[in-house]
Amino acid sequence: MKKVYYLKTCSTCIRILKELNIPADYILQDIKTEPITVAQIEEMQALSGSYEALFSKRAKLYKEMNLKNQDLTERDYKQYILEHYTFLSRPVIINGDAIFIGNSKKTVESAKGNL
């Protein structure tokens, strides 16, 4: 599968998608208008190894809900991502068995060489 989970309203996501010049055979899913399903998050977890790897600790809600002072489990990470799209570290790019999570320079460079 070739897929990108992103936010259409996120300037960083848009910049990265332009920089990567995502091929036409990729499916783009705006997670705000088309929420992530349980099956999709489970597939991402299988590729990444954990729900925590998919979880954004930079989300505003993370700070507002004081989650950094709580001992979160994998189940908690999954639930928060499913409850609100801002908890997914974006963009998430999947190319077959390869997954690229987030917007760090290193991740974007790795994704570039794997599209």
Side-chain angles (χ1 to χ4, degrees):
M1 177 200 319
K2 295 180 176 192
K3 188 154 193 169
V4 179
Y5 297 93
Y6 77 111
L7 259 184
K8 192 166 46 177
T9 56
C10 171
S11 58
T12 303
C13 285
I14 300 305
R15 177 186 53 80
I16 290 169
L17 294 183
K18 282 182 183 170
E19 182 181 332
L20 293 176
N21 196 18
I22 301 291
D25 61 340
Y26 276 74
I27 299 165
L28 299 178
Q29 180 173 332
D30 179 2
I31 60 174
K32 187 174 185 177
T33 57
E34 189 183 338
I36 297 166
T37 65
V38 172
Q40 288 171 330
I41 192 73
E42 288 173 352
E43 177 189 26
M44 287 186 255
Q45 184 273 341
L47 292 171
S48 69
S50 75
Y51 291 109
E52 185 176 7
L54 298 162
F55 189 84
S56 173
K57 293 181 179 171
R58 293 165 57 187
K60 248 193 224 180
L61 278 178
Y62 181 73
K63 293 174 184 82
E64 288 173 10
M65 295 171 71
N66 200 26
L67 296 177
K68 73 176 182 178
N69 294 323
Q70 296 179 32
D71 195 16
L72 299 176
T73 65
E74 280 291 287
R75 179 185 225 152
D76 295 329
Y77 290 121
K78 177 182 180 182
Q79 193 57 45
Y80 282 121
I81 292 168
L82 288 170
E83 282 175 14
H84 205 279
Y85 65 86
T86 61
F87 287 119
L88 181 68
S89 192
R90 308 169 303 269
V92 175
I93 302 166
I94 298 174
N95 183 3
D97 292 342
I99 187 167
F100 305 94
I101 305 161
N103 55 28
S104 74
K105 208 173 189 82
K106 185 178 175 185
T107 300
V108 174
E109 286 302 313
S110 294
K112 244 184 217 176
N114 208 309
L115 294 179

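Quick note: numbers below take in every heavy atom, side chains included, and nothing from hydrogens, waters or symmetry partners.
Proximity of a side-chain donor or acceptor of Thr107 to a complementary backbone N or O of Asn103 within less than 3.5 Å is not detected.
From Lys2, atom NZ reaches atom CD1 of Ile94 across 13.0 Å, with rounding to the nearest 0.5 Å. Atoms OG1 and CG, on Thr9 and Asp30 in that order, are 6.5 Å from each other to the nearest 0.5 Å. Here CG of Leu61 is found 4.5 Å from OG1 of Thr86. Values are rounded to the nearest 0.5 Å.
Few gaps surround CG on Asn66; more than 12 heavy atoms of other groups in view lie less than 6.0 Å from it. With a 6.0 Å radius and a threshold of 12 heavy atoms from other residues, nucleotides or ligands, Asp71 has its CG atom at or below the threshold. In the displayed structure, Lys8 atom NZ is contacted under 6.0 Å by at most 12 heavy atoms of other residues, nucleotides or ligands.
Of all heavy-atom pairs between Leu72 and Asp76, the closest is CA-OD2, 3.5 Å. For Ser89 against Ile101, the heavy-atom pair with the smallest separation is CB-CG2, 3.8 Å.
Side-chain contact between Leu54 and Ile99 is present, with at least one heavy-atom pair separated by less than 4.5 Å.
The side-chain contact (heavy atoms from CB on, under 4.5 Å) test applied to Asn21 returns no partner, not counting sequence neighbours. Every side-chain hydrogen bond (donor to acceptor under 3.5 Å, both in side chains) that Lys112 has, sequence neighbours left out, goes to Glu19, Glu109. With sequence neighbours excluded, the residues satisfying ring pair (Phe, Tyr, Trp, His ring centres under 6.0 Å) with Phe87 are Phe55, Tyr80. Remark: Lys57 engages Glu52 in a side-chain hydrogen bond (donor to acceptor under 3.5 Å, both in side chains) (not counting sequence neighbours).
One hydrophobic cluster, built from ILVMFWY side chains closer than 4.5 Å, cannot hold both Ile31 and Ile27; they sit in different ones.
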Run the side-chain donor-acceptor check on residues 37-48: report pairs under 3.5 Å with partners two or more places apart or on a different chain.
from, atom 1, to, atom 2, distance (Å)
Thr37, OG1, Gln40, N, 3.1
Thr37, OG1, Gln40, OE1, 3.4
Gln40, OE1, Gln29, NE2, 3.3
Gln40, OE1, Thr37, N, 2.9
Gln40, NE2, Gln29, OE1, 2.9
Glu42, OE2, Lys78, NZ, 2.8
Ser48, OG, Met44, O, 3.1
Ser48, OG, Ser50, N, 3.4
Ser48, OG, Ser50, O, 2.9

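In the hydrophobic clustering, where aliphatic and aromatic side chains (Ile, Leu, Val, Met, Phe, Trp, Tyr) are joined below 4.5 Å either directly or transitively, Leu20 groups with Val4, Tyr6, Ile14, Ile16, Leu17, Ile22, Tyr26, Leu28, Ile93, Phe100, Val108, Leu115.
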